[in-house]
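Working notes, structure below.
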Amino acid sequence: MPAVAKRKDDHIKVRQFITDTKGHKMAAVIDINALKRLETVLDLIPSSEQWLYKNKKALESVQKGLKQAAKGKVTKLILGNDKIH
């Protein structure tokens, strides 16, 4: 994976969060230029992978698995009636 230098200006600046009555973030108000940068990034995600970013639980699971794999915490997956001899 290529390394990318990030500049401070590359981040999306949130002007305000809109919350529900319990304080959960429901939406964010961002600058139009930040929206254009965000749209550009989202266009780079292949349509076959977009579902993952829309499914928070699945994305968290994948991220957790990637962190575990990076630490060497992997096991062999046995599917169906496969047996280890």
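As a basis for the values below, the full set of heavy atoms in this structure was taken, side chains included, without hydrogen atoms, waters or symmetry mates. Quick caveat, the model's predicted, so the values are computed rather than measured.
Rounding to the nearest 0.5 Å places NZ of Lys64 at 14.0 Å from CG of Leu59. Note: Lys57 NZ to Leu52 CG = 14.0 Å, rounded to the nearest 0.5 Å. To the nearest 0.5 Å, the span separating OG1 on Thr19 from NZ on Lys22 amounts to 13.0 Å. If you take CG on Leu66 and NZ on Lys71, they are separated by 12.5 Å, rounding to the nearest 0.5 Å. Rounded to the nearest 0.5 angstrom, Lys25 NZ and Ile18 CD1 are separated by 12.5 Å. Summarising the geometry, atom NZ belonging to Lys36 is positioned 9.5 Å from atom CG belonging to Asp31; distances are rounded to the nearest 0.5 Å.
Residues Ile45 and Leu42 are in side-chain contact: their nearest non-hydrogen atoms beyond the backbone lie under 4.5 Å apart.
Grouping the Ile, Leu, Val, Met, Phe, Trp and Tyr side chains by contacts below 4.5 angstrom, directly or via other members, places Tyr53 with Trp51.
Judged by distance alone, with hydrogens and angles left aside, the side-chain atoms of Gln16 form no donor-acceptor pair with the main-chain N or O of Ala28 at under 3.5 Å.
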